Amino acid sequence: MIGIKAISSYLPNETIDNLQQAKKFGQTEDFITDKIGALRLPVAKMEQQTSDLAVAAVEKLLEENELQRDQIDALVVVTQNPDGHGLPHTAAIVQHKLGLSSKVAAFDVSLGCSGYIYGLSIIKGVMEQADLKNGVLVTADPYSKIIDRNDRVTSLLFGDGSTATWLNESGQWKIGKPIFQTDGSGEKNLYVEGGYLHMNGRQVFNFAAMTVPKQINEWLVSNQLTAKDVDLFCLHQGSASIVDAISRRFPEVKNRFIKDIETTGNTVSSSIPFLLEKYVMNSQHRNILISGFGVGLSWATNMIHKEL
Amino acid sequence: MINANNIETALENIGSDTKLTQADYNKPFNEIGLDSLDVFNLFSELELVTGKVVSDDDFQTINTLQDIIDYLNK
């Protein structure tokens, strides 16, 4: 069965000092450190395309693992900020920039913060159906392209970054059966208009705080597990406050919820694989619950489980 | 019915260390040390207790803890 073999990531060197931004917006230092959680926001250079971020993460994956580029036969890019206008799809551009074989299956998935959970299931399904051997799931969604730096609601939250997840038959981290949910009535809570991102912060917060714990519980019940069976909860890092609001619903295991947003900000579909790379891949843990939620509204939960 | 005890419990649950006096219930949120995310959090907590969802239009009219109590008890 196909599983996750390794994860690598890329963060741009250039960063925005969020405490400086907070001053500009009349926010306190505590608001940034305790509530937003992000002290620095990595930001891609103007000339850096989404495909460049994707390539940087995959190059790192190739450097750090015994994976050759000619072995890659599936490439999925999760993004809602593709190169140009999304035509052609960014995955094709990445295939060319990386010099991958023309025999690679390559396509984009248009999802935001739930994208990694979907992406794992999609690439696994395609690989199994087409008998592909080495798949790479990329997340790269540079929101700096769509942030109005004068908008206090969005400007303090999002950072740029990218990740690359290698999947194959020998991957130790097996992927469970996900739960996906969608509520398009929330389309206006997080959307782009006039080239900029607009967010109804209260509605997005409330959606995450109210629906995600329910979905996590539903996932656990349907898999005959309890929260205590989960070694780590790696949730989308929307903000420190959102992670706190969700973990509060699981008081017995609150300390198993990872909160790590200080140097990345909210990196959309990349936040979960960033956590998996840092806290899970080389750990002794076995059961990792992953949950992504955001634009759509869309939310999804699954577990990755290490086979011994 | 929502009362001051419910508000204090909700604030405790969200980790707020705001110490309230009677007069604080009629002060704007920012004057009693509650920032925007505290207020979002507080509404989520109270939605769990009351099951009442506050619309965006109504949310704009709620500026104090007393406004919350009055609104949820309507």
Side-chain angles (χ1 to χ4, degrees), chain A residues 18 22 25-38 151-157 183 185-190 198-214 217 238-251 254-255 257 259 261 266 293 297, chain B residues 1-2 4-21 24-25 27-74:
Chain A
N18 227 11
F25 292 122
Q27 295 286 8
T28 63
E29 199 169 311
D30 286 350
F31 181 75
I32 296 300
T33 53
D34 299 345
K35 309 293 173 53
I36 300 290
D151 177 16
R152 63 192 297 169
V153 178
T154 56
S155 195
L156 296 166
L157 274 180
D183 179 8
S185 72
E187 63 169 319
K188 286 294 182 187
N189 292 336
L190 203 54
H198 300 267
M199 185 170 84
N200 182 329
R202 185 179 77 95
Q203 292 290 2
V204 172
F205 185 94
N206 205 49
F207 147 71
M210 301 302 286
T211 61
V212 175
K214 280 185 198 161
N217 276 320
S239 68
S241 277
I242 285 182
V243 177
D244 286 340
I246 296 168
S247 63
R248 205 161 60 234
R249 305 287 165 231
F250 300 89
K254 197 172 183 294
N255 62 350
F257 282 72
K259 190 167 60 174
I261 188 175
N266 174 342
F293 42 87
L297 301 167
Chain B
M1 292 289 281
I2 286 290
N5 284 341
N6 299 117
I7 298 283
E8 283 178 23
T9 302
L11 285 171
E12 197 178 311
N13 288 345
I14 69 170
S16 168
D17 51 10
T18 299
K19 300 280 179 258
L20 296 172
T21 65
D24 290 335
Y25 279 76
K27 290 180 183 169
F29 294 127
N30 62 336
E31 286 186 21
I32 56 171
L34 297 179
D35 60 42
S36 57
L37 281 166
D38 291 327
V39 177
F40 298 168
N41 240 323
L42 181 59
F43 274 84
S44 295
E45 279 295 312
L46 293 171
E47 186 179 323
L48 278 176
V49 176
T50 64
K52 281 196 181 178
V53 179
V54 182
S55 71
D56 282 339
D57 287 344
D58 290 343
F59 180 74
Q60 298 302 326
T61 68
I62 297 173
N63 301 304
T64 68
L65 297 176
Q66 190 59 49
D67 287 346
I68 296 179
I69 293 172
D70 294 343
Y71 178 86
L72 293 176
N73 288 336
K74 258 198 288 195

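All values reported here derive from a predicted model rather than from experimental measurement. Every chain is numbered from 1 and lettered A, B, ... according to where its sequence line falls, protein lines coming before strand lines.
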Greater than 12 external heavy atoms within 6.0 Å of B/Lys52's NZ: yes
B/Ile14 side chain reached by A/Asp244 side chain, heavy atoms, under 4.5 Å: no
B/Glu31 atom CD: more than 12 heavy-atom contacts under 6.0 Å: yes
Heavy-atom closest pair, residues B/Val54 and A/Arg202: O-NH2, 2.5 Å
Closest contact, heavy atoms only, A/Gln203 versus B/Asp56: NE2-OD1, 2.9 Å
A/Thr28 side chain near B/Asp35 side chain, heavy-atom distance below 4.5 Å: no
Close side-chain approach of A/Arg248 and B/Asn41, heavy atoms under 4.5 Å: yes
A/Asn200 versus chain B, the contacting section by heavy-atom distance below 4.5 Å: side chain
Closest heavy-atom pair and its distance - B/Glu47, A/Asn206: OE1-ND2, 2.8 Å
NZ-OG distance between A/Lys35 and B/Ser36, expressed to the nearest 0.5 angstrom: 8.0 Å
Structural part of A/Arg249 lying under 4.5 Å from a heavy atom of chain B: side chain
Residues B/Leu37, A/Ile36; criterion side chain to side chain contact (heavy atoms under 4.5 Å, CB included); working and verdict: CA-CA 9 Å; B/Leu37 281 166; A/Ile36 300 290; 4.0 Å; yes
pair B/Val53-A/Met210: side-chain heavy atoms closer than 4.5 Å: no
